[in-house]
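Below is one structure, written out as structure tokens; comments come after it.
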Amino acid sequence: MTEIRILLTGNPNVGKTTLFNSLCGVYQHTGNYPGVTVEIKEGIRKSDGQIFRISDLPGTYSLSAFTPDEQVARDALLTSHPDVIVQIIDATNIERNLFLTTQLVEIGLPVIIALNMVDLAEQTGIAIDAACFSKSIGLPVVKVVASQGKGIEDLVQTIIHISQQKEQQNPAQAQYSSTITQRREEISSFLNHHTQHLSGLTPEYTAIRLLEGDQKLSDKLHHEGLTIPVIDTLEPAAIDGFIQEIMLARYATAEQITGCSVSCSMARIMPTDLLDHVLTHRFFGIPIFLSFMWFAFQLTFSASAPVASVLEIIFGSINEFVGNLGLGETVTSFISDGIIGGVGTVLSFVPSIFILFLLLSLLEDSGYLARAAFVMDRLMHSIGLHGRSFIPLLIGFGCNVPAIMATRTLQSRADRFITIISIPFMSCSARLPVYVLLTGVFFGAHAGTVIFFLYILGILAAIGTALLFRRLIFHDDPSPFIMELPPYRSPTLKAAALHMWQRGKEYLQRAGIVIFGGVLVVWVLASLPFGVEYGSADSLAGVLGHLAEPIFAPLGFTWQLVVALIFGFIAKEVVVGSLGTLYGGEDSLAGSLAADPSLGPVVALAYMVFVLLYLPCVATLGVIKQEMGSWKWTGIALGWGILVAFILAWVTRIVGSLIIGA
Ligand SMILES: Nc1nc2c(ncn2[C@@H]2O[C@H](COP(=O)(O)OP(=O)(O)OP(=O)(O)O)[C@@H](O)[C@H]2O)c(=O)[nH]1
Ligand SMILES: [Mg+2]
């Protein structure tokens, strides 16, 4: 078997990852907004007697990289020397995508165009003559619909064909003015004598990249002791002029190619514009966004509460059954308090998590969330957060770990840090079970609304944090933000369900290992030392809880709540798991909570506020350290979370008691 190495590249949000998934038969996260993939993902396909080693790159508009994710794409394209580059082009937006093509063809490696989303292009009345397009661009063009797996076979055959072909491609190149051509020759003839410094790039190509302002490349050459003609001798203003000129030449080429092969029967579709007008309206935009979110939480709670109570009844009967088996005290307690009380409780919230994920996936795939980002941008910019930060913040609703990785789409370190420290306040799905449990017990019909406000509080805490840190530490203004709105795409239930399943599966897997481990520790602590009553104040868990209780006295938390918080650090699902274990006994967990005289709506609310804000789980802390590269900032993020949680939970308790007492 021969091996073919392929890079999938293209602008953001054109369907690279969807195509990658189709080619490799795997699942990587996709979403209808730019910046979903921020790292290179590798995959393998074996077919037709070949091994295809495929890399999915983050999206990029050009090779002049500005953000960390674009740099990853640029470096892979310039330094990894693949056999074939496949550029995925959005068929509804060909001309803009071709700007990147004009850069790719200059590298000198074989390029194939995968023209994706032809289904959408056809719906909007854009007709593309692939043969004519291929001829005018001088590259093979394959039409595909990645989301339906159409055209994949054609693409694979083309890849095989091109990788075996020996002769050079002859693609349409950008036509530069005589000044640029002359400068280019000057630099490349100099580089001809120094090819050992070019790491496989041709002198001509290196010359044009330098004229285009590739800082990384010129830094590298300087570092190796070279003085580059033109670049090092001319004024920066002159170089800026070259950058402009080259860009214009690229656009002109893109326009020329598109002109002869694409015809539009309709100028633009109106419904999108009209819809955007409403959804991104200056005044209505935010209320509309909030209503969508409120509706999502209401639905999550009302649809999942019945399922959760059925599961609770089932677990109750298993408990009774195990109790009657006469297995001995420790084994019975292990099964009913540890496994069923702990892990079972966590699992009974799986339906809520799945429903929330399904709703978020539908909103995301339709393109609405990107509009929400746009609406929030106006607001966020005025308070010192970068508009682009909104997408990582939103991803935080699912899990904080990928959200923090998604900050790689931000350019400045200040923007990144401010976003990273704000993300843990976004209520990830692991916290939802705590809300569903406690609001169900203490807030009855208002449960959905209380959950909604907790999410809003999380968003406000995130925004407040950004504001404060921007003013206190970084002083500068957020860098300018350009975000393009992705097209509306009618979400398919299949894609959304797949999305939901993938995210839900992670939750289940965690429930299997991490949560079971965490809950087991709590069960052991509640059972030791031998001879004490399970979960009593004399058990190790009781002692630990009582030790920490004074700290939490102003908040009114019982020692069981405190122990659950401590172990919630492993993963936030462990909070309900521990409560299930510690409040075990005859009654159901909900029943025991309702019967505990030290608990009531006010303490429950303060507890939920604390759980929402207090600290990111271990995994999140790990990734903060990885992305910030410093323990100092990781410590600041950790301490800040605890401080905010404490203050806001305390305020909740005071204000709540005043209202209830009044
Ligand atoms: N209608 C239609 N939708 C598609 C097609 N291919 C992808 N999509 C959708 O387009 C959106 C973007 O897809 P992704 O695969 O995440 O795009 P990407 O290029 O990897 O995006 P980044 O990683 O952000 O650069 C998703 O909502 C996909 O479901 C297609 O052929 N037709
Ligand atoms: Mg992607």
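Just so it is clear, the values below take in all heavy atoms, side chains as well, and ignore hydrogens, waters and symmetry mates. By convention here, the first residue in the shown sequence is residue 1. Both ligands and their constituent atoms are indexed starting at 1 by order of listing.
For the residues A73, S147, G149, the heavy atom positioned nearest atom 4 (C) of ligand 1 is part of S147.
Here's the thing with P58: none of its N/O atoms is less than 3.5 angstrom from an N/O atom of ligand 1. At a 3.5 angstrom cut-off on N or O pairs, G15 counts as close to ligand 1. Between D56 and ligand 1, a contact under 3.5 Å exists for no N or O pair.
A side-chain N or O of Q50 and one of T2 form a donor-acceptor pair less than 3.5 Å apart. For E42 and S55, the side-chain atoms include at least one donor-acceptor pair closer than 3.5 Å.
With hydrogens and angles disregarded, a donor-acceptor distance shorter than 3.5 Å links the side chain of R250 to the backbone of T102. Listed for the N97 side chain is no donor-acceptor partner under 3.5 Å among the backbone atoms of N11. Judged by distance alone, the side chain of K135 and the main-chain N or O of A130 form no donor-acceptor pair under 3.5 Å.
Within ligand 1, the atoms closer than 4.0 Å to a non-hydrogen atom of T18 are 7 (C), 13 (O), 14 (P), 15 (O), 28 (C), numbered from 1 in the order shown. Within ligand 1, counting atoms from 1 as listed, the ones closer than 4.0 Å to a heavy atom of K16 are 15 (O), 17 (O), 18 (P), 19 (O), 20 (O), 21 (O), 22 (P), 25 (O). Within the listing of ligand 1, atoms 25 (O) sit less than 4.0 angstrom from a heavy atom of G59. In summary, the atoms of ligand 1 found under 4.0 Å from a heavy atom of A146, numbered by their order in the structure, are 6 (N), 31 (O).
Shown here for G10 and L100, the closest heavy-atom pair between the two residues is CA-CD2, 3.7 Å.
Residue contacts with ligand 1 for N116 involve side-chain atoms from C-beta outward but no N, CA, C or O (heavy atoms, distance under 4.0 Å). Looking at D119 against ligand 1, only its side chain comes within 4.0 Å, counting heavy atoms.
Aromatic rings of Y61 and F99 (six-membered ring for Trp) have centroids beyond the 6.0 Å cut-off, not under it.
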